[in-house]
There are 2 protein chains.
Amino acid sequence: MKLKEFAKQLGLSPTTVSRALSGYPEVSEKTRKRVAEEAVRLGYRPNVNAVRLVTGRAGAIGVVMGRNGEFQFSEYMSGMAERLDSEDIDILVTPIAEQGGKDESQLYSRLATSGRVDAVIIHSPMPKDERIALLHRLGMPFLVHGRSETDVPHAWLDIDNEGAVRRATSHLIDLGHRRIAMINGRAGLTFSLHRDQGYRKALEQRGIPFDPRLVAHGHFTDELGFRFARSFLEQSPPPTAFVVGSMMTALGVYRAVRSFGLVVGRDISVIAHDDVFPYLTADNMVPSLSTTRSSLRAAGARSADLVLQLLSGRPATEIHELWPVELILRESTGPVPHSDAIPDKAG
Amino acid sequence: MKLKEFAKQLGLSPTTVSRALSGYPEVSEKTRKRVAEEAVRLGYRPNVNAVRLVTGRAGAIGVVMGRNGEFQFSEYMSGMAERLDSEDIDILVTPIAEQGGKDESQLYSRLATSGRVDAVIIHSPMPKDERIALLHRLGMPFLVHGRSETDVPHAWLDIDNEGAVRRATSHLIDLGHRRIAMINGRAGLTFSLHRDQGYRKALEQRGIPFDPRLVAHGHFTDELGFRFARSFLEQSPPPTAFVVGSMMTALGVYRAVRSFGLVVGRDISVIAHDDVFPYLTADNMVPSLSTTRSSLRAAGARSADLVLQLLSGRPATEIHELWPVELILRESTGPVPHSDAIPDKAG
DNA sequence: CCGAAAATTTAAAACGATTTGGCTGTCTGC
DNA sequence: GCAGACAGCCAAATCGTTTTAAATTTTCGG
């Protein structure tokens, strides 16, 4: 059913019908209501592509999926969908092809100039992220999920990674731990940096010297968690606590601790960051895992919301949101075992 | 840059330019080459939305993401992207909103009639899947990732779940196991059914009676793996081997086995199905996990390919692909411990 | 060289909506 | 009773392509 035909059946002009459906004020309330009802009854819905052509809008938000099919994406997108459900806006996923080899920024500029999306969401930004400059230059609206230090104005939504890790580390210090290892995300990413800073600040505040041998960076995989944890535990003296970047990594850490005949929560304390996935929960681990928690799904929903605001004209410079992170203590954290306790110089 | 302008610069008509770029035969090779080169040089690219309007194509394939933000989606979509990279086709993700409550089939019919996608991919089908009938009725091309028993003709790509589990179970029987537990996917889904069948056939072939108390169904989460495995191990006599539906579930099983003071690979054998994720690999588990393996990424790539064939006219009834599954033996499987060995009546 | 057939190229008509600018009739204030 | 404001509706232009049908040019056998 086309607009023309539908309008004729109503005895109205296409103009009036179009306006009625779009909620323009130039149409009487009575007419608007009638049009809306008939549209449902007769099943008229504007052709998306015609609308897109004439309005110049794409009706979609672009999301670029990282190189390794990162497992958290589904959760974030579910959140986006929650918010976008009522709007007439799609989520367009552009995964970076594994073998592609093509320059990543080329992918972004192609996406931006393709006219397929009205806005883009950037993930895992770096302090100096060229994607931000690129999209700004191209005039494509975008939201950064995370933060960057660039001068280019940009909208962002981030969680307080620095604060989260600072509190986690402080808590471990409160429990008497002095050698605390940290398994962080990939080096160079802003959130990894912030977490590093949180870790160092906590140590500093308590006068504990920073030991670079206790910090590792890498992808959030079970395997790296295992390897890093093992190599830390081989040091002498070994750390008595771990601050870990993800649930998947924590799995590897648990495994490594066990492989040394040690017990998590008694010999070794662990706090991990939890993005809240339905298929892997901190409460169910044995022992249950203390976490810094922030829902990725909620972030997705709010991201969609902020992008909509951006598209309706709110200036990017106004859109900055920093979410606090909960620290949830469970069984994986406990006081430092006595034999390992090192006198606290500051105490 | 618009077509009209671009054509003028070349001294050609819009028609010729359009045809040259679309590779129609009515244009001389010389002209085609010149047009292609100039298009790159001057940066001309057809407006997507205009093309979509006039051709009636959406230029996108729809994927509906399950209710729980299933973690495997990213991997599958990465595969799709690999294939779609060269084509001018997008991936449109429609996650089912958590709270939405709306009828799922309504979501599909909205997607199908929205004109936003040229084809849809259906995941986790059931033997009688109403989505299949629905899309067929609506005339929307679709590919089923998995299989269904419906009479409605449909294209599908599936892995040999039945054969995979049959071989896995047979292998465990060869090792002397007689009480073999099975943690399967959600009840009612075709792939779960096929796996059940594979399991029962393997038992049947060796004259081992089927015990329904050794089979469980549910989401592929770490938690359910743990709970099911524990409840199995509490039976007497307990099973000596597990066939497990996913890597995430296997994590829970390992945990449960340990919680009983038992050792995987010695006291309890485990074989799990592995969809091959970069962040959780069977080789790195301790002990390394024997798996039935099939790359979800490869399935994604092939799915995209098949959808393209579908769109270019190949009849859906011709498109049926059943992939074999590898059985890879690692350390998690071993002979049944002597004390538990039960005489094989068939032997 | 001619004329028909083949090879190129083109003008103009879609595709299905939104939106600009204009038109009609009713209401308001004086 | 009238000018002006205003509410409500409409005709036609527009978005940027593809494609149909027709026109032009080239090729080639006789």
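Side chains included, hydrogens not; waters and symmetry mates left out as well; all remaining heavy atoms used. Every chain is numbered from 1 and lettered A, B, ... according to where its sequence line falls, protein lines coming before strand lines.
Judged as a salt bridge (Lys or Arg N to Asp or Glu O under 4.0 Å), and not counting sequence neighbours, B:Arg137 has no contacts. Annotation: side chain to side chain contact (heavy atoms under 4.5 Å, CB included) contacts of A:Glu130 (sequence neighbours excluded): A:Ser105. For A:Ser109, the side chain to side chain contact (heavy atoms under 4.5 Å, CB included) test picks out A:Leu134, A:Leu138, with sequence neighbours left out. A:Pro25 pairs by the side chain to side chain contact (heavy atoms under 4.5 Å, CB included) definition with nothing, not counting sequence neighbours. Remark: A:Ser22 pairs with no residue by the side chain to side chain donor-acceptor pair (under 3.5 Å) rule, at least two apart or across chains.
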Assess the residue pair A:Thr16 and A:Ser13 against the criterion (side-chain hydrogen bond (donor to acceptor under 3.5 Å, both in side chains)); give the C-alpha distance rounded to whole Å, side-chain angles, the decisive distance to 0.1 Å, and a yes or no. CA-CA 5 Å; A:Thr16 306; A:Ser13 76; 3.2 Å; yes
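Close approach of DNA chain C to chain B, defined as any atom under 4.0 Å from a non-hydrogen atom of the protein, starts and stops at C:dT8 to C:dG16. Taking the 5' to 3' direction, DNA chain D first and last meets chain A under 4.0 angstrom from a heavy atom at D:dG8 to D:dG16.
Between A:Lys2 and A:Glu5 there is no salt bridge, since none of the side-chain N atoms of the basic residue sits less than 4.0 Å from a carboxylate O of the acidic one. Under the 4.0 Å criterion applied to side-chain N and carboxylate O atoms, B:Glu38 and B:Arg41 are assigned as salt-bridge partners. Using a 4.0 Å cut-off between charged nitrogen and carboxylate oxygen, B:Arg147 and B:Asp129 do not count as a salt-bridge pair.
Using a 4.5 Å cut-off on side-chain heavy atoms (C-beta onward), B:Ile319 and B:Trp156 make no contact. A:Val120 places a side-chain heavy atom less than 4.5 Å from the side chain of A:Tyr108.
Residue pairs meeting the salt bridge (Lys or Arg N to Asp or Glu O under 4.0 Å) criterion with at least one partner in residues 9-27 of chain B, sequence neighbours excluded, are absent. Sorted by first and then second residue, the salt bridge (Lys or Arg N to Asp or Glu O under 4.0 Å) pairs with a member in residues 43-55 of chain B read B:Arg52-B:Asp90; sequence neighbours excluded.
At a cut-off of 3.5 Å, with distance as the only test, a side-chain donor of B:Tyr76 or B:Ser303 sits close to an acceptor on the other residue.
Heavy-atom distances under 4.0 Å link DNA chain C to A:Thr15, A:Ser18, A:Arg19 of residues 8-19 of chain A, given in residue order. Listed in residue order, the members of residues 29-50 of chain A having a heavy atom less than 4.0 Å from DNA chain C are A:Tyr44, A:Arg45, A:Pro46, A:Asn47, A:Ala50.
Shortest non-hydrogen contact noted between B:Ser74 and A:Ser74 is OG-OG, 3.6 Å.
The terminal axes of the helix from C:dC1-D:dG30 to C:dC30-D:dG1, fitted over 5 pairs per end, subtend an angle of 30° to the nearest 10°.
B:Phe6 comes within 4.0 angstrom of nothing in the nucleic acid, heavy atoms only.
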